[in-house]
2 protein chains.
Amino acid sequence: MQPIVECCAPLAEEPIAQVDADQLAGWFRVLGDPARLRLLSLIASKGEACAACDLVEPVGISQPTVSHHLKVLYEAGLVEREKRGRWVYYRPVPERLAILSRAIGSPGA
Amino acid sequence: MQPIVECCAPLAEEPIAQVDADQLAGWFRVLGDPARLRLLSLIASKGEACAACDLVEPVGISQPTVSHHLKVLYEAGLVEREKRGRWVYYRPVPERLAILSRAIGSPGA
DNA sequence: CGTATATATAGACACCCGTCAATACACACT
DNA sequence: AGTGTGTATTGACGGGTGTCTATATATACG
């Protein structure tokens, strides 16, 4: 995960560079799956969530698939993980999400 | 295109419903491609853009591929089209983009 | 009408992705 | 140490997607 703190001015501000487009598109693609969106929403609305405890049953997909999606979210830097005993807890990374929100945010409207 | 004006409370507010997840994920998937992101950025930063005039050359992909991406953006309701003479002009749809921005917006951060 | 240009479509190809069952791994608790 | 449970990985399958070339359609201009 790159140390990107400031990235990608709003799309409407200036034509986005290829590099930034790749970066942003990667994040959006991660959000482009209903299962991941529901997982992220579950995590965010609880503030923190454990995979088996809070996530597998509600989304209604198999445990390996949940694990896969959580990995994708994690590697995109949209959630962070903390292992506590036998369980792994996930929390959202608001800074990352803010980058995306700001990129498509319409200051001209 | 459905008449969705109000949709999808912020992800962190409450666990998102399956239907909303499908809807949102569809829009994010559209943004999940660098070429489409660059096209949208070019359109948005100019306020309006014509495919051949302003888009084909800057993004560096073939005309049919540009046409395809514009169709995807259009059918997602992220841009609107207007045919003027031989040309087709595209404009962003800020309300749609605002929905996405608000969905991932972090009120808790 | 014919030609030139802007746009869209068709078809093909390679590649990526979501899902699952099966299995492996990690960690606590007795 | 052994067992049970949470988590991750593997391998496979089906479907979707981005890209291209070639071609078709539409519109303006002479």
Side-chain angles (χ1 to χ4, degrees), chain A residues 1 16 18 21-43 46 48-76 78-91, chain B residues 16 18-19 21-43 46 48-76 78-91:
Chain A
M1 196 185 319
I16 193 178
Q18 178 72 58
D22 289 340
Q23 176 76 77
L24 271 183
W27 287 326
F28 283 128
R29 193 163 52 245
V30 169
L31 295 183
D33 179 90
R36 280 196 292 268
L37 229 35
R38 297 186 67 200
L39 287 171
L40 181 57
S41 181
L42 282 164
I43 294 170
K46 291 185 69 109
E48 163 178 281
C50 150
C53 329
D54 309 307
L55 301 177
V56 170
E57 187 270 336
V59 296
I61 55 184
S62 73
Q63 177 270 321
T65 303
V66 168
S67 181
H68 166 250
H69 284 312
L70 290 173
K71 185 180 184 180
V72 173
L73 284 167
Y74 172 72
E75 290 180 340
L78 299 177
V79 300
E80 57 184 10
R81 326 174 358 149
E82 185 188 346
K83 192 161 192 175
R84 290 210 294 270
R86 230 176 323 189
W87 297 272
V88 179
Y89 287 86
Y90 292 85
R91 276 186 301 274
Chain B
I16 193 177
Q18 179 72 58
V19 190
D22 290 340
Q23 177 75 77
L24 271 183
W27 287 326
F28 282 128
R29 199 174 331 110
V30 170
L31 296 183
D33 180 88
R36 279 195 292 266
L37 229 35
R38 296 186 66 201
L39 287 171
L40 180 58
S41 181
L42 282 165
I43 295 169
K46 290 184 70 109
E48 161 177 283
C50 150
C53 329
D54 310 307
L55 300 177
V56 168
E57 186 271 334
V59 298
I61 55 185
S62 72
Q63 177 270 320
T65 304
V66 168
S67 182
H68 166 249
H69 284 312
L70 290 174
K71 185 179 185 183
V72 173
L73 284 167
Y74 173 71
E75 290 181 339
L78 298 178
V79 300
E80 57 184 9
R81 326 174 0 147
E82 185 189 346
K83 193 162 192 173
R84 289 210 293 271
R86 230 178 322 190
W87 297 271
V88 179
Y89 287 86
Y90 291 86
R91 277 186 301 273

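Note on naming: letters A, B, ... go to the chains in the order of the sequence lines (proteins, then strands), and numbering restarts at 1 for each one. Everything quoted here is computed from the prediction, not taken from an experiment.
Counting only heavy atoms from C-beta on, A/Arg29 has its side chain closest to C/dC17 among C/dC17, D/dT7, C/dT7. Listed candidates were C/dT7, D/dG6, D/dA8. Nearest to the side chain of A/Trp87 is D/dG6. Listed candidates were D/dA8, C/dT7, D/dT17. Nearest to the side chain of B/Ser67 is C/dT7. Of the listed nucleotides (C/dG18, C/dC27, D/dA8), D/dA8 has the atom at the smallest distance from the side chain of A/Val88. Distance from the side chain of A/Ile61 is smallest to C/dC20 among C/dT7, D/dT9, C/dC20. Of the candidates C/dA8, C/dT19, C/dA21, the closest approach to any side-chain atom of A/Asp33 belongs to C/dT19. With C/dG18, C/dC27, D/dG18 as the choices, the nucleotide that has an atom nearest any side-chain atom of B/His68 turns out to be D/dG18. Considering only the side chain of A/Ala52, D/dG6 comes nearest among D/dG6, C/dT19, C/dT7. Side-chain atoms of B/Thr65 lie closest to D/dT19 of the nucleotides D/dT19, C/dT5, C/dT7.
In this entry the distance linking CG of A/Leu55 with C1' of D/dG6 reads 13 Å, nearest Å. Look at CZ on A/Arg81: it is 13 Å from P on C/dA26, rounded to the nearest Å. The OH atom of A/Tyr89 sits 8 Å away from the P atom of D/dT7 (whole-angstrom rounding). Residue A/Asp22 contributes atom CG, which lies 14 Å from atom C1' of D/dG18 at whole-angstrom precision. Protein atom CZ of B/Phe28 is 20 Å distant from nucleotide atom C1' of D/dT17, rounded to whole Å. Counting to the nearest Å, the P atom of D/dA8 and the OH atom of A/Tyr74 are 11 Å from each other.
Comparing B/Tyr90 and A/Gly85 against DNA chain C, the residue whose closest nucleotide sits nearer the 5' end is B/Tyr90.
Checking the phosphate oxygens (OP1, OP2) of C/dT7, no side-chain nitrogen or oxygen of B/Arg84 falls inside 4.0 Å. Neither OP1 nor OP2 of C/dA8 sits under 4.0 Å from any side-chain N or O of B/Arg86. Proximity of A/Lys71 to the phosphate of D/dT9: a side-chain N or O atom is located under 4.0 Å from OP1 or OP2. OP1 or OP2 of C/dC20 lies within a sub-4.0 Å distance of a side-chain N or O belonging to A/Ser62.
For the pair B/Leu42 and B/Pro58, the minimum side-chain heavy-atom distance is below 4.5 Å. By the 4.5 Å heavy-atom criterion applied to side chains, B/Phe28 and A/Leu37 are counted as neighbours. In this structure the side chain of A/Ile16 never reaches within 4.5 angstrom of the side chain of B/Leu40, judged on heavy atoms. A heavy-atom distance below 4.5 Å is found between the side chains of B/Leu31 and B/Leu78.
Judged by distance alone, with hydrogens and angles left aside, the side-chain atoms of A/Arg36 form a donor-acceptor pair with the main-chain N or O of A/Val30 at under 3.5 Å.
With hydrogens and angles ignored, no donor-acceptor pair under 3.5 angstrom links the side chain of B/Gln63 to the base of C/dA6.
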>> Quick one, B/His69 with B/Asp33, criterion side-chain contact (heavy atoms from CB on, under 4.5 Å). Give me CA distance, side-chain angles, the key distance, then yes/no.
In response: CA-CA 9 Å; B/His69 284 312; B/Asp33 180 88; 3.7 Å; yes
